[in-house]
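Report on the structure given below.
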Amino acid sequence: MAGGTGSSEKYFRIWETIMKIPHGKVATYGQIARLAGLGNHARMVGYALHASPPGINIPWHRVINSQGKISLSKEDGRYDLQRSLLEDEGVEFIRERINLKKYRWDK
DNA sequence: CCCGTGACGCCAC
DNA sequence: AGTGGCGCCACGG
């Protein structure tokens with residue numbers, strides 16, 4: 001294959017990395033970007049998630065920002081959804097923040 | 001082809 | 001701890 005340079009491949013790589021996040025753990029955008037081989041381009045991860053096709057089975061809710069908070073706006077309905085999904089996995093929220101020292105995917 | 005926008009991160013104040 | 005600004009890359013108009 002001559003240079004598999006397809007942005008789709010990048011996205012796939014990101015999704016694949018996110019799928020590896022263990023149950024009850026979370027990962028930051030920067031962390032995913034790094035593990036996916038994209039360097040520190042965290043924005044790409046967020047964009048890839050936004051561009052993720054509906055129906056794809058990826059634990060998008062386990063991806064949060066470096067502050068340990070949900071990057072979505074509280075106005076967005078997905079904010080509460082993400083929080084609920086995480087709490088359902090045993091991830092504890094303190095105010096609107098997650099203790100990364102405790103729940104960050106150790107990888 | 002130029003410009004604005006974004007599910008981010010880091011640094012300065 | 002909160003706010004503002006810059007960088008970085010991809011995509012739609």
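A note on names: the letters A, B, ... follow the listed sequences, proteins ahead of strands, and every chain is numbered from 1. Below, all heavy atoms of this structure are taken into account, side chains as well, without hydrogens, waters or symmetry copies.
Summarising the geometry, atom CD belonging to A/Glu16 is positioned 11.5 Å from atom CD1 belonging to A/Ile58; distances are rounded to the nearest 0.5 Å. Rounding to the nearest 0.5 angstrom, the gap separating the CD1 atom in A/Ile98 from the OG1 atom in A/Thr28 is 11.5 Å.
Near-neighbour residues of DNA chain C inside residues 39-49 of chain A, defined by a heavy atom below 4.0 Å, number-ordered: A/His41, A/Arg43, A/Met44, A/Tyr47. DNA chain C is contacted by no residue of residues 77-87 of chain A, taking any non-hydrogen atom closer than 4.0 Å.
The minimum heavy-atom distance linking A/Leu72 with A/Tyr79 is given by the pair O-CD1, 3.4 Å. When every heavy atom of A/Ala27 is checked against every heavy atom of A/Ile21, the shortest pair comes out as CB-CD1, 3.7 Å. Heavy-atom minimum distance, A/Ile14 versus A/Met44: CD1-O, 3.9 Å. Taking all atoms of both residues into account, the shortest heavy-atom contact from A/Phe93 to A/Arg83 is CB-NH2, 3.6 Å. Contact between A/Ala51 and A/Tyr11 at its shortest, heavy atoms only, is CB-CE1, 4.0 Å.
The NE2-P distance, from A/His50 to C/dG12, rounds to 10 Å in whole Å. Rounding to whole angstrom units, CD of residue A/Glu9 and C1' of C/dA10 are separated by 16 Å. Atom-to-atom, CG of A/Leu38 to C1' of C/dC8 comes out at 12 Å; the value is rounded to the nearest Å.
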* Strand DNA chain C in bracket notation, Watson-Crick/G-U under 3.5 Å with | for pairs to another chain -> .||||||.|||||

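Protein chain A contacts DNA chain B over a range whose 5' and 3' limits, counting nucleotides with an atom under 4.0 angstrom from a non-hydrogen atom, are B/dG6 to B/dC10.
Using a 4.5 Å heavy-atom threshold, the side chains of A/Ile64 and A/Tyr103 count as separate. In this structure, the side chains of A/Leu81 and A/Trp60 come closer than 4.5 Å at one or more pairs of heavy atoms. Annotation: side chain of A/Lys10 is not in contact with side chain of A/Tyr47 (no heavy-atom distance under 4.5 Å).
Note on A/Tyr29: every side-chain N or O is 4.0 Å or more away from OP1 and OP2 of C/dC9.
Screening residues 97-107 of chain A for salt bridge (charged side-chain N to carboxylate O under 4.0 Å, His left out), with sequence neighbours left out, gives no hits.
Using cut-offs of 30° and 60° for the angle between ring planes, the A/Phe12 and A/Trp15 rings count as perpendicular.
Applying the side-chain hydrogen bond (donor to acceptor under 3.5 Å, both in side chains) test to A/Glu89 and every residue at least two apart in sequence or in another chain returns A/His61, A/Arg62.
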